[in-house]
Amino acid sequence: MDSKFKKICVFCGSHPGHRKVFSDAAIHLGNELVNRKIDLVYGGGSVGLMGLISQRVYDGGCHVLGVIPKALVPIEISGEPVGEVKVVSDMHERKAEMARVAEAFIALPGGYGTMEELLEMITWAQLGIHKKPVGLLNIDGYYDSLLTLFDKGVEEGFIKPGARHIVLSAPTANELLTKMEEYAPFDDNVAPHESWQMEQLGTYPTERKT
């Protein structure tokens with residue numbers, strides 16, 4: 001099965017979590033990327049959920065690009081790195097590079113770092129900086145509270161109802177990727193996409209790759 005996406009960025013934890021369901025989800029997402037012939041862009045670590053998904057995608061024959069700040073190399077890379085690793089100077093450069101090369105974003109369960117990366121990509125979509133889909137893989141309800149907070153933001157007038165639909169979510173990788181394939185980019189941006197002069201982030205792929 002081919003996909004309209006060539007490369008997807010996955011944000012996820014450098015820890016595996018306490019329950020096996022999270023590790024299983026990382027492997028299942030990796031399998032789904034391989035089945036759809038989608039290359040992986042991720043945070044470059046070989047530990048936790050990062051290590052599981054990167055190894056699965058690499059073993060499945062797809063390209064893996066890890067982007068990691070120099071300071072985190074001794075912490076998040078254990079043993080031989082998986083696939084191609086690009087070492088950058090800081091966290092800002094890491095996020096910018098991942099956003100530049102990827103055509104869509106998925107967040108697996110993770111901690112503050114995962115959520116910060118996720119929220120920045122949601123914010124960039126709202127601002128008009130990119131038109132790429134952003135998906136939450138909501139394993140066993142992990143992100144239920146965050147999604148409820150987004151709904152509360154709409155209810156209280158801090159998030160536009162249309163902007164709430166920037167965030168796609170599903171409990172399985174197959175369902176989430178299918179939603180992302182069908183995503184219509186948010187068009188009520190704070191500023192026009194062209195005004196940001198950030199062409200390096202690319203555009204949403206509108207044609208299915210064959």
Side-chain angles (χ1 to χ4, degrees), residues 3-14 29 33 38-45 50 53 65-69 72 86 88-138 142-143 145-154 156-170 176-177 179-207:
S3 169
K4 68 168 61 173
F5 304 119
K6 288 185 176 180
K7 298 178 182 179
I8 288 182
C9 176
V10 175
F11 304 125
C12 56
S14 58
L29 177 56
L33 294 179
I38 301 172
D39 294 334
L40 172 68
V41 181
Y42 82 116
M50 285 197 291
I53 188 170
L65 171 63
V67 184
I68 187 168
L72 293 181
K86 182 171 184 177
V88 295
S89 59
D90 55 37
M91 295 294 286
H92 297 293
E93 188 178 352
R94 180 196 221 179
K95 287 182 291 184
E97 178 64 15
M98 290 193 293
R100 183 184 69 82
V101 300
E103 297 172 334
F105 310 95
I106 292 176
L108 276 162
Y112 291 143
T114 298
M115 287 185 249
E116 188 271 338
E117 291 166 331
L118 166 73
L119 287 168
E120 183 152 10
M121 292 307 109
I122 294 169
T123 302
W124 285 12
Q126 179 179 255
L127 290 172
I129 294 174
H130 73 75
K131 296 179 177 291
K132 305 172 183 181
V134 182
L136 273 175
L137 192 49
N138 190 22
Y142 182 79
Y143 282 116
S145 296
L146 183 60
L147 292 167
T148 299
L149 178 61
F150 294 159
D151 292 334
K152 184 68 172 177
V154 174
E156 298 291 355
F158 292 104
I159 298 173
K160 291 182 179 180
R164 173 64 180 84
H165 298 298
I166 290 171
V167 187
L168 305 172
S169 65
L176 181 60
L177 284 163
K179 283 186 176 183
M180 293 172 73
E181 294 268 5
E182 298 169 350
Y183 173 74
F186 178 64
D187 58 7
D188 187 19
N189 307 117
V190 173
H193 176 65
E194 296 74 17
S195 69
W196 289 99
Q197 297 182 346
M198 296 181 73
E199 292 85 355
Q200 68 271 23
L201 287 184
T203 57
Y204 179 74
T206 56
E207 295 182 2

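- Met50 approaches Ser14 most closely through the heavy-atom pair CE-CB, 3.7 Å.
- By the side chain to side chain donor-acceptor pair (under 3.5 Å) test, Lys86 is found to be paired with Glu97, residues two or more places apart in sequence or in another chain being considered.
- With values rounded to the nearest 0.5 angstrom, Ile159 atom CD1 is found 11.5 Å from His165 atom NE2.
- In this structure, Glu120 and Phe11 have side chains that are not in contact, with every pair of non-hydrogen atoms separated by 4.5 Å or more.
- In this structure, the separation between CG on Leu149 and CZ on Phe158 is 11.0 Å, given to the nearest 0.5 Å.
- The two residues Val154 and Lys160 make their nearest non-hydrogen contact at CG2-O, 4.2 Å.
- Going from atom CD of Glu117 over to atom CD1 of Ile122 covers 12.0 Å, rounded to the nearest 0.5 Å.
- Shown here for Leu137 and Leu176, the closest heavy-atom pair between the two residues is N-CD2, 3.8 Å.
- To the nearest 0.5 Å, the span separating CG on Asp151 from CG on Leu146 amounts to 10.0 Å.
- In this structure, the side chain of Lys179 engages the main chain of Ser169 through a donor-acceptor pair within 3.5 Å.
- Arg94 places a side-chain N or O within donor-acceptor distance of the main-chain N or O of Gly43, the cut-off being under 3.5 Å.
- Counting heavy atoms from C-beta on, the side chains of Val134 and Leu118 come closer than 4.5 Å.
- Side-chain N or O atoms of Tyr42 include none that pairs as donor or acceptor with a backbone N or O of Met98 at under 3.5 Å.
- Side-chain contact between Phe5 and Glu181: present, with at least one pair of heavy atoms (C-beta onward) separated by less than 4.5 Å.
- Applying the ring-ring contact (aromatic ring centres under 6.0 Å, His included) test to Tyr142 and every residue at least two apart in sequence or in another chain returns Phe22.
- Side-chain contact between Val88 and Val67: present, with at least one pair of heavy atoms (C-beta onward) separated by less than 4.5 Å.
- Salt bridge annotation for Glu103-Lys4: absent, with no cationic side-chain nitrogen under 4.0 angstrom from a carboxylate oxygen.
- In plain terms, the two heavy atoms of Met91 and Pro69 that are nearest each other are SD-CG, 3.6 Å.
- Smallest separation of non-hydrogen atoms from Pro133 and Leu168: CB-CD1, 4.3 Å.
- Remark: Lys132 NZ to Met121 CE distance equals 9.0 Å, nearest 0.5 Å.
- Residues Gly110 and Tyr143 approach most closely at N-OH, 3.6 Å, considering heavy atoms.
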